[in-house]
Amino acid sequence: MDMLGQFSLKGKVALVTGASHGIGFSMAVALAGAGAEIAFNGHSPDRLKAAEAEYAARGIHARGYLCDVTDETAVQNMVARISADLGPVDILVNNAGMIQRTPLLDMSAQDFRRVVDVDLTAPFIVAKACIPGMIAKGHGKIINICSMMSELGRETVSAYAAAKGGLKMLTRNICAEFGGANIQCNGIGPGYIATSQTAPLREPQPDGSRHPFDQFICSKTPAGRWGRPEDLAGPAVFLASDASNFVNGHILYVDGGILAYIGKQP
């Protein structure tokens with residue numbers, strides 16, 4: 001058995017939603033490094049062009065598609081265009097998402113629904129568009145980007161936690177319904193990752209001390225640090241490759257051990 005060959009994605013087409021920046025970009029770079037052709041979506045034509053240039057600077061020819069993943073017709077059209085341009089999607093990474101930090105009693109139903117629409121309904125829409133092509137090819141990989149909030153609650157993130165908990169169960173239900181078609185649907189649950197979006201939470205205070213949230217996260221993480229985007233590369237390639245052909249309905253938490261740890265006694 002060619003063990004390393006099991007991880008090759010050569011000849012595969014991967015759609016990574018929301019991969020114009022952040023952890024989606026890092027995972028797409030990892031999939032490309034394993035041989036996959038990359039397609040990604042975005043809302044802004046300028047951002048798509050900038051992201052394509054960022055991929056090109058790394059030697060990756062990635063195609064960006066203007067698409068709102070909460071719009072079912074737009075998603076169906078995008079998947080059809082990807083199929084015409086690159087071939088049917090073999091690997092789907094449902095990465096696009098949002099968070100709104102608002103206390104529950106202050107959050108409107110409209111804002112709650114908006115978060116759920118992006119973080120839960122959109123993965124359903126994109127998976128639904130890609131699965132028929134996977135069935136026709138006889139194989140497929142779906143990776144839903146879940147969260148530690150798929151398991152835990154925290155103040156001000158009721159909509160996000162509800163959506164990510166739902167995404168965990170959507171992952172398991174896609175596994176249950178399409179496992180017989182040789183489609184594996186798994187999730188990745190990132191911990192706290194050091195990105196540009198979380199940079200303000202890691203900046204030193206005016207007196208030179210660490211940000212309180214930075215101290216909190218590191219104290220709750222057995223690894224003692226924030227995750228790096230590249231920490232998600234190996235898990236993404238594994239779940240996208242033949243090496244995970246009998247792994248289905250699983251959520252792989254890449255969190256430095258937070259979910260396994262009760263914390264130090266004060």
Side-chain angles (χ1 to χ4, degrees), residues 6-9 11-19 23-24 26-28 30-31 34 36-41 67 69-70 72 75-76 78-79 82-83 87-97 116-151 160-190 232-255 259:
Q6 289 191 84
F7 293 89
S8 173
L9 303 179
K12 306 290 188 182
V13 175
L15 167 59
V16 186
T17 66
I23 65 172
S26 296
M27 287 187 289
L31 298 179
E37 292 282 337
I38 303 298
F40 67 99
N41 79 296
C67 180
V69 289
T70 67
E72 187 167 11
V75 168
Q76 292 281 355
M78 176 182 68
V79 171
I82 292 170
S83 183
V89 173
D90 300 286
I91 301 158
L92 166 63
V93 182
N94 274 315
N95 166 76
V116 172
D117 205 26
V118 173
D119 291 348
L120 178 57
T121 308
F124 159 77
I125 289 172
V126 185
K128 181 182 174 185
C130 292
I131 285 172
M134 294 177 175
I135 292 173
K137 292 191 77 170
H139 66 83
K141 300 282 185 175
I142 299 173
I143 304 170
N144 291 326
I145 303 306
C146 296
S147 167
M148 291 189 302
M149 298 302 111
S150 297
E151 302 291 343
Y160 181 79
K164 291 298 186 177
L167 186 57
K168 174 183 71 175
M169 294 312 301
L170 177 63
T171 299
R172 291 175 176 173
N173 276 272
I174 291 173
C175 156
E177 191 161 352
F178 298 102
N182 195 28
I183 294 171
Q184 290 83 52
C185 182
N186 294 289
I188 292 177
L232 300 169
V237 171
F238 167 64
L239 291 178
S241 73
D242 288 346
S244 61
N245 280 350
F246 205 56
V247 179
N248 211 353
H250 177 72
I251 314 299
L252 175 55
Y253 290 100
V254 186
D255 65 356
L259 287 174

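FYI, the numbering just counts along the sequence from 1.
Looking only at distances, a side-chain donor or acceptor of Asn186 sits under 3.5 Å from a matching main-chain atom of Val247. In this structure, the side chain of Asp117 does not engage the main chain of Ala122 through any donor-acceptor pair within 3.5 Å.
Not counting sequence neighbours, the partners of Thr171 by the side chain to side chain donor-acceptor pair (under 3.5 Å) test are Asn144. Shown here are the side chain to side chain donor-acceptor pair (under 3.5 Å) partners of Asn182, two or more places apart in sequence or in another chain: Gln184. Qualifying side-chain contact (heavy atoms from CB on, under 4.5 Å) partners for Ala163, counting only residues two or more places apart in sequence or in other chains: Val116, Asp119, Leu120. Partners of Thr70 by side chain to side chain donor-acceptor pair (under 3.5 Å), not counting sequence neighbours, listed by chain and number: Asp68. Not counting sequence neighbours, Ser241 has no partner by the side chain to side chain donor-acceptor pair (under 3.5 Å) test. Glu177 is linked by a salt bridge (Lys or Arg N to Asp or Glu O under 4.0 Å) to nothing, counting only residues two or more places apart in sequence or in another chain. For Lys168, the salt bridge (Lys or Arg N to Asp or Glu O under 4.0 Å) partners two or more places apart in sequence, or in a different chain, are Glu151. Remark: Ala96 engages Thr17, Val69 in a side-chain contact (heavy atoms from CB on, under 4.5 Å) (not counting sequence neighbours). A search for ring-ring contact (aromatic ring centres under 6.0 Å, His included) contacts involving Phe40 returns Tyr55, not counting sequence neighbours.
Between Val237 and Ala30, the shortest heavy-atom distance links the atoms CG2-O, 3.7 Å. For the pair Gly187 and Leu239, the tightest heavy-atom approach, listed with the atom from each and the gap, is O-CD1, 3.9 Å. The two residues Phe238 and Ala243 come nearest to each other via the heavy atoms CE1-O, 3.5 Å. The minimum heavy-atom distance between Ile174 and Cys185, with the atom names listed, is CG2-CB, 3.6 Å. Between Gly18 and Asn95 the shortest heavy-atom distance is O-ND2, 3.1 Å. Nearest heavy-atom pair, Val16 versus Ala28, reported as atom, atom and distance to 0.1 Å: CG2-CB, 4.1 Å.
Taken from OG in Ser83 to CE in Met78, the straight-line distance is 12.0 Å, to the nearest 0.5 Å. Rounded to the nearest 0.5 Å, atoms OG1 (Thr121) and CG (Leu167) are 10.5 Å apart. Taken to the nearest 0.5 Å, the NZ atom of Lys164 stands 12.0 Å off from the CE atom of Met148. One distance of note links CD1 of Ile82 with CD of Glu37; it measures 12.0 Å at 0.5 Å rounding. To the nearest 0.5 Å, atom CD1 of residue Ile135 and atom CD1 of residue Ile183 are 5.0 Å apart. Atom-to-atom distance recorded for Ile188:CD1 and Cys146:SG is 9.0 Å, nearest 0.5 angstrom.
Screening residues 178-189 for salt bridge (Lys or Arg N to Asp or Glu O under 4.0 Å) gives no qualifying pairs among residues at least two apart or on separate chains. Counting only residues at least two apart or on different chains, no salt bridge (Lys or Arg N to Asp or Glu O under 4.0 Å) pair has a member in residues 241-254. Annotation: salt bridge (Lys or Arg N to Asp or Glu O under 4.0 Å) contacts involving residues 130-146, sequence neighbours excluded, comprise Asp90-Lys137.
Tested against Pro190, the residues Ile145, Leu252, Val254 include a single side chain to side chain contact (heavy atoms under 4.5 Å, CB included) partner, Ile145.
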The test is side-chain contact (heavy atoms from CB on, under 4.5 Å); show your working for Val93 and Leu15 and say whether it passes.
CA-CA 6 Å; Val93 182; Leu15 167 59; over 6 Å; no
